[in-house]
*Asks:* 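I'd like to ask you about the structure that follows.
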Amino acid sequence: MNFELMGDSILPILRGAQITVMLVATSIAIGFFAGIGMALARLSRNPLVSVPAYAYVFFFRGTPLLVQLFIVYYGFGRADFVKDTVFWAVLKEPFWCAVIALTLNTTAYTSEIIRGGILAVPWGQIEAARACGMSRVLMFRRITMPVAIRQALPAYGNEIILMVKGSALASTVTVMEMTGEAKSIISSTYAPVEIFIVAGSIYLAINFVVTRAVRRLEHRLTPYQRARTEADEKQAGRKIAFAALRGRQAADDIALPQPSSDRPQD
Amino acid sequence: MIELLTYGDQGWGDEMLRGAGMTVAVALLAYAFGIVVGMAGAAGKVGGGSVLRGVLDVYTTVVRGVPELLVIYLLFFGLSSAVMKVASVFGYTGYIEVDNFVIGVLAVGLISGAYSTEVFRGALQAIPNGQIEAGRAVGMTGWQIFHRIQLPQMLRLALPGLGNIWQLTLKDTALISVTGLAELMRMSRVAAGATHQPFTFYLAAAALYLVMTTFSQTAFQRAERHFSRSVRTASGQPAP
């Protein structure tokens, strides 16, 4: 084992890690909202909307990410009919080609995850919302979406990890992210094991952070399922005391005391 | 455009189809290898000692947390020298080159095996302990309990997970093209480069992959229905 080489390779690989994180963060950020839109399109009763959404998901889930990346990079990124348009500014950059391919891919997977979450919202809650007279938009914002996101969160965490791993393919279109850096060092030093350990540990660290963050978010979004802490009790006690002072009209507020910091923000 | 995809010297149709055949061959062998690894890994994780369990945990965590491409590069650049080191212990000092096909099957198989281990482990642990106790109570040996009680149920419980792993494995074979192995992705890259028609060939490759994934998805759905025919669900229908 060549430890000196491992030490020397850390800096260039960390430089690649920055690009990996940028690739993943950009495509996850866009793909999340596009995925919600795609899930809604897929659930639409209008076949003119739902059938194209189905075809989109079918294509992007059924083909390898590498094919999708090559279609964007070698296809659209080199096509003459693109060169005269505004898209050229973006498509001439390998980095943005990779972002586009990753985003299109994660949108398809995210939409399936969120669709599953929406379908898992208990019907009683929808009925209750309707009975309260909520409009469709209000119901979607306050009932359907928060519950669906909470349900979909564990699966979505896995999707983020798949994206971290998928971003390695950007190295095949000359983007020097972590795997690209690792490969170039391996092919000049022929020390595959050492470099694998360095790059692999950084990938594992990134994925560890992602897993932890998702688990924290799950915890935050499920205040009603966890045991109440002392602080929660105190806060609830204070609320009850205040309510008693203020009179009975506040009784509704204290029916289900919740730690206020964990309440989903509107 | 169409003549580019025909058979013979003028078209690339036969090369593409041969590439698709290679893709299927790599995927099938890697998948089978992964299932063997997964079965052994699950047995080790459920029944093995703490050292074995630790090693298996490292294997599944690392392989599932690191990009597939990195694993492929590790084997592509490292396997030949590792094999030569082992051979030199036995007195052979000549140059040994491991074939790209073998590297591809091993790399994708090891990735597939890590996922299979977890799927089989979950399936094994889903079988109620009472059934194992019942087996012991009627005097079955450990092997009898395994192949009469655990194995048949494990296969049914693992089938949905195994279907997903097959799809992953099939798509992961595309990454083997970086080693130059003449599978579908590599062939379409060569054809796209030679003819300057990237859309035609990458879309043709995508279509071939879609045929493979769709076909195998249907096959797995049928198998699931077949193996769940004895299971009652709330709707009275066999489990989907």
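Computed over heavy atoms, backbone and side chain alike; hydrogens, waters and symmetry mates excluded. Letters A, B, ... are given to chains in the order of the sequence lines, protein chains preceding strands, and every chain is numbered from 1.
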*Asks:* Under 4.5 Å heavy-atom distance to chain B, tell me which part of Ala199(A) shows up: side chain, backbone, both or neither.
*Replies:*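 For Ala199(A), backbone and side chain are both near chain B.
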
*Asks:* Rounded to the nearest 0.5 Å, what's the gap from CG on Leu175(B) to CG on Leu169(A)? Could you check?
*Replies:*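 If we round to the nearest 0.5 Å, Leu175(B):CG and Leu169(A):CG are 5.5 Å apart.
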
*Asks:* Applying side chain to side chain donor-acceptor pair (under 3.5 Å), which residue pairs with at least one partner in residues 104-113 of chain B are found, sequence neighbours left out?
*Replies:*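 For residues 104-113 of chain B: Ser112(B)-Thr169(B).
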
*Asks:* Which bit of Phe58(A) is near chain B, if near means a heavy-atom gap under 4.5 Å: side chain, backbone, both or neither?
*Replies:*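 Answer is both: backbone and side chain atoms of Phe58(A) are under 4.5 Å from chain B.
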
*Asks:* A quick test of your reading: do over 12 heavy atoms of other residues, nucleotides or ligands sit less than 6.0 Å from CZ of Arg212(A)?
*Replies:*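 Not more than 12 within 6.0 Å, no.
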
*Asks:* Quick check on Ser201(A) against chain B: is it the side chain, the backbone, both or neither that has a heavy atom closer than 4.5 Å?
*Replies:*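 It is neither, since no heavy atom gets under 4.5 Å.
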
*Asks:* So if I take each residue of residues 64-95 of chain A and look for any heavy atom under 4.5 Å from a heavy atom in chain B, which residues do I end up with?
*Replies:*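 Hits under 4.5 Å: Pro64(A), Leu66(A), Val67(A), Phe70(A), Ile71(A), Tyr74(A), Gly75(A), Phe76(A), Ala79(A), Phe81(A).
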
*Asks:* Select, from Met212(B), Gln167(B), Met185(B), Lys171(B), the one with the greatest count of heavy-atom pairs under 4.5 Å involving chain A.
*Replies:*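 Option with the top pair count is Lys171(B).
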
*Asks:* Where along residues 53-80 of chain B does a heavy atom come under 4.5 Å of chain A, listed by residue number?
*Replies:*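 Expected list: Thr61(B), Val62(B), Val63(B), Arg64(B), Gly65(B), Val66(B), Pro67(B), Glu68(B), Leu69(B), Leu70(B), Val71(B), Tyr73(B), Leu74(B), Phe77(B), Gly78(B).
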
*Asks:* With a 4.5 angstrom heavy-atom cut-off, is it the side chain or the backbone of Thr173(B) that approaches chain A, or both, or neither?
*Replies:*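 Contact with chain A involves no heavy atom of Thr173(B) at all.
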
*Asks:* Which answer fits Ser177(B), side chain, backbone, both or neither, if we ask what part of it has an atom under 4.5 Å from a heavy atom of chain A?
*Replies:*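 Only the side chain of Ser177(B) comes within 4.5 Å of chain A.
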
*Asks:* Apply side chain to side chain contact (heavy atoms under 4.5 Å, CB included) to Pro160(B) and list each qualifying residue two or more places apart in sequence or on a separate chain.
*Replies:*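 Partners of Pro160(B) by the side chain to side chain contact (heavy atoms under 4.5 Å, CB included) criterion, ordered by chain and then number, come out as Glu224(B).
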
